[in-house]
Amino acid sequence: TVIKANRKSDGAYMAAEPYRPQFHYTAENGCLNDPNGLVYDPSNGTWNIFYQFNLNYSGFGNWGHAQSTDLVNWKELPVAIPADEIGIIFSGSAVVDENNTSGFFTDNKSGESKLVAFYTYHAGPVGQVIATAYSKDHGVTWTKYEGNPVIDETHRIYGPDFRDPKVWWQEDPEEPAGGIWLMVVAGGRGRLFSSHDLKTWKDEQAFVHDAGSGKD
């Protein structure tokens, strides 16, 4: 029989623990890895860190969450995006959909956030696919998009590894909305995708390898 116990302690006690960093963020318990979704939320003036997290010290599979108003002092919050029947949660990024291009925030109330996260599902034989979720309460809870995955790599079209999406808004006066969303996905050969609504993504190009120089 194995019994695992997690001890909750106050901040003063944890600050005195040997070998615990005092400047860098650490979780109260469990292991953390790969910071994700580093995003400023203008709806409540907070900075957010999401990260791969597992309370049981055995691999990773969820996004943990911490929040700050000054980038120095951080408050640990509950697990933000947990693993589910599709797979465990790997790395990704987050954006603020200020103009509601996704349609996720049509019924938002005053003061609610418009955060959209992109993450990798790692799902055994399914491989690695890209999914999204959105939050109206400043990243505390997330609703996974019912149309996930937004980029399906079940058939390994882009290679054996396909993960770690980085999304950003690219201003472009030729676009009807004044810009377009772009996503770079790594894990193998990097690829660039574009979207107008954060849900439907177009494969634009792979990063071409220059055989002459030996560089990408």
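Not measured: the values here are computed from a predicted model.
With hydrophobic clusters built from ILVMFWY side chains whose heavy atoms lie under 4.5 angstrom apart, Phe162 shares a cluster with Tyr145. A continuous path of hydrophobic side-chain contacts links Leu71 to Leu32 [ILVMFWY only; heavy atoms under 4.5 Å]. Grouping the Ile, Leu, Val, Met, Phe, Trp and Tyr side chains by contacts below 4.5 angstrom, directly or via other members, places Trp63 apart from Val140. Cluster membership check: Leu182 shares its hydrophobic cluster with Val184, using side-chain heavy-atom separations under 4.5 Å among Ile, Leu, Val, Met, Phe, Trp and Tyr.
Between Trp142 atom CH2 and Thr132 atom OG1 the span is 8.0 Å, to the nearest 0.5 Å. Interatomic distance, CG of Leu38 versus CD1 of Ile49, reported as 6.0 Å (0.5 Å rounding). Taking CD1 of Ile130 as the reference point, atom CZ of Phe118 lies at 10.0 Å (rounded to 0.5 Å). Asp34 CG to Gln52 CD: the interatomic distance, rounded to the nearest 0.5 Å, is 4.0 Å. In this structure, CD in Glu112 is found 11.5 Å from CG in Asn44, a value given to the nearest 0.5 Å. Between His122 atom NE2 and Ser91 atom OG the span is 12.0 Å, to the nearest 0.5 Å.
We find that Asp164 and Lys166 are not joined by a salt bridge, their nearest charged nitrogen and carboxylate oxygen being 4.0 Å or further apart.
Of all heavy-atom pairs spanning Lys114 and Glu98, the tightest one is NZ-O, 3.1 Å. For the residue pair Ser135 and Thr141, the shortest heavy atom distance occurs at OG-O, 2.9 Å. Pairing each heavy atom of Asp203 with each of Phe193, the nearest pair is CA-CD2, 3.5 Å. For Tyr119 against Phe90, the heavy-atom pair with the smallest separation is CB-O, 3.8 Å. Across every non-hydrogen atom of Lys144 and Asp84, the tightest pair is NZ-OD2, 2.7 Å. The nearest pair of heavy atoms linking Ser195 to Ile180 is O-CG1, 3.2 Å.
With sequence neighbours left out, the side chain to side chain donor-acceptor pair (under 3.5 Å) criterion links Ser93 to no other residue.
In this model, no donor atom of one side chain and acceptor atom of the other lie less than 3.5 Å apart for Trp74 and Glu76. When only modelled atom types and interatomic distance are considered, His138 and Ser43 share a side-chain donor-acceptor pair under 3.5 Å. Of the N and O atoms on the side chains of Asp97 and Tyr134, not one donor lies less than 3.5 Å from an acceptor on the other residue.
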From CA spacing to verdict: side-chain contact (heavy atoms from CB on, under 4.5 Å), Ser102, Asp197: CA-CA 4 Å; Ser102 63; Asp197 63 3; 5.6 Å; no
Please step through side-chain contact (heavy atoms from CB on, under 4.5 Å) for the pair Phe104 and Lys136, ending with a clear verdict. CA-CA 9 Å; Phe104 292 145; Lys136 299 180 180 182; 5.8 Å; no
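Between Trp169 and Trp181, the two ring planes are perpendicular [angle over 60°; tilted spans 30° to 60°]. The aromatic rings of Phe50 and His65 lie parallel to each other, their planes meeting at an angle below 30°, with 60° marking the opposite boundary.
In this structure the side chain of Val150 never reaches within 4.5 angstrom of the side chain of Thr200, judged on heavy atoms. Looking only at side-chain heavy atoms (C-beta outward), Ile89 and Thr120 stay at 4.5 Å or farther from each other. Tyr51 has its side chain out of reach of Asn33: every pair of non-hydrogen atoms, C-beta onward, lies at least 4.5 Å apart. For the pair Ile81/Asn62, no side-chain contact is recorded, criterion being any heavy-atom separation below 4.5 Å from C-beta on. Val129 is not listed as a side-chain neighbour of Ile151, based on a closest heavy-atom distance of 4.5 Å or more. Counting heavy atoms from C-beta on, the side chains of Val167 and Leu198 come closer than 4.5 Å. Using a 4.5 Å cut-off on side-chain heavy atoms (C-beta onward), Val79 and Phe53 make contact. Looking only at side-chain heavy atoms (C-beta outward), Trp47 and Asp70 stay at 4.5 Å or farther from each other.
Asp161 contributes no side-chain N or O that, together with a main-chain N or O of Ala186, makes up a donor-acceptor pair within less than 3.5 Å.
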